[in-house]
Amino acid sequence: MSAQKDLKRITAPDIRARKGGEPVVCLTAYDAPTAAILDRHCDLLLVGDSLGMVVHGLDTTVGVTLEMMILHGRAVMRTSKRALVVVDLPFGSYEESPEAAFRSASRVMAETGCQAIKIESGRFAAETIAFLTGRGIPVMAHVGLRPQSMHMLGGFRIQGRAKGAREAIVADAAAADAAGAFAIVVEKVDQATAQAVTDAVEAPTIGIGASNVCDGQVLVTSDMLGLIDWAPKFAKRYETMGQRIDAAVRDYAADVKARRFPGPEHTYGAARR
Ligand code: KIV
């Protein structure tokens, strides 16, 4: 990757400067051909650990490894040119200590060429965020529903409804903000909680299932494209790709069985009939 190529990319400070301005457009990206398309329209591409579920068929993100994140991060970096690429640190790769987080984050950045990492971050992670940002690693925080903690949270439930829960999420975001996070993902909270978080922090908030009051939005790309039959209520479906792929493969299978494919136009030295 040339330095020239990276000069054209949106940077973490560019995203941070978008607070209260034009909303930041983000989607998840996991592979090279999709990243090339998303890059034309997005400010930020997130190589999310949701890839464990939507690409690898896992039930949760808990089984995702650093190696998986690096493999997909490299693919996204190869074809994106403009968007800031952020790679998730997976469960178990950063929680133990700031030093462990630095080892994981520096490996991800060196081996993928991405510009930033994301960690799911309650107040416990503030020290780690300060440690990483102080050593040159831009960090995107993630509060509200933190899918890596789904066993503690009791599932992928809406967050912030229990007594004191909204204040706790605001405190998580404020701690990440003070520690130097350049942006904060806010997942699956009601509008009042999203507003309270957005008002409380200087970094732009990037909502997913967090209303339109955030400073930007992110969706899991396979949810918005309708690649999988089920999607959460908050994910608007812009396409029904799963159904379209199903129809295309059905047509292909029928053509093969009827010997309509390959036709003469797909055949080298086709015999004339
Ligand atoms: O892993 C992921 O895709 C994410 C988004 C849901 C923000 O963290």
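The model shown is predicted, which means the values in this text are computed figures rather than measured ones. In listed order, ligands and their atoms are each counted from 1. Along the sequence shown, the residues carry numbers beginning at 1.
- For ligand 1, the polar-atom distance check finds no N/O of Tyr30 at less than 3.5 Å from any of the ligand's N/O atoms.
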Before you tell me yes or no, could you show the steps for Glu202 and Arg16 under side chain to side chain contact (heavy atoms under 4.5 Å, CB included), namely the whole-Å CA-CA distance, both residues' side-chain angles and the distance that decides it to 0.1 Å?
CA-CA 8 Å; Glu202 285 177 20; Arg16 188 171 169 90; 3.7 Å; yes
Taking it one step at a time, do Asp43 and Glu22 satisfy side chain to side chain contact (heavy atoms under 4.5 Å, CB included)?
CA-CA 11 Å; Asp43 302 306; Glu22 187 186 15; over 6 Å; no
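- For atom 6 (C) of ligand 1, the closest non-hydrogen atom on the protein side is Ile208 CD1, 3.6 Å.
- The pair Lys118-Asp49 does not meet the salt-bridge criterion, since no charged nitrogen lies less than 4.0 angstrom from a carboxylate oxygen.
- Per-residue contacts place Gly48 under 4.0 angstrom from the following atoms of ligand 1 (heavy atoms of the residue considered): 1 (O), 2 (C), 3 (O).
- Using a 4.0 Å cut-off between a side-chain N of Lys or Arg and a carboxylate O of Asp or Glu, Asp215 and Lys19 qualify as a salt bridge.
- Atoms of ligand 1 found under 4.0 Å from any heavy atom of Thr28 (numbered from 1 in listed order, with element): 3 (O).
- Lys118 counts as a contact of ligand 1, since one of its heavy atoms falls under 4.0 Å from the ligand.
- Shortest contact from atom 3 (O) of ligand 1 to any protein heavy atom: Ser50 OG, 2.5 Å.
- The His142 neighbourhood of ligand 1 comprises atoms 8 (O), with distances under 4.0 Å to a heavy atom of that residue.
- If you number the atoms of ligand 1 from 1 as listed, the ones under 4.0 Å from a heavy atom of Asp88 come out as 1 (O), 2 (C), 8 (O).
- Checked for salt-bridge contact, Arg107 and Glu67 meet the test: a charged N lies under 4.0 Å from a carboxylate O.
- No salt bridge links Lys236 with Asp223; every basic N to acidic carboxylate O contact stays at or beyond 4.0 Å.
- Below 4.0 Å from some heavy atom of Glu187 lie the following atoms of ligand 1, by number and element: 6 (C).
- Looking only at heavy atoms of the protein, atom 7 (C) of ligand 1 is closest to Leu46 CD2, 3.7 Å.
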Apply side chain to side chain contact (heavy atoms under 4.5 Å, CB included) to the pair Phe131 and Glu99, showing each step before the final yes or no.
CA-CA 8 Å; Phe131 192 88; Glu99 288 81 2; 4.1 Å; yes
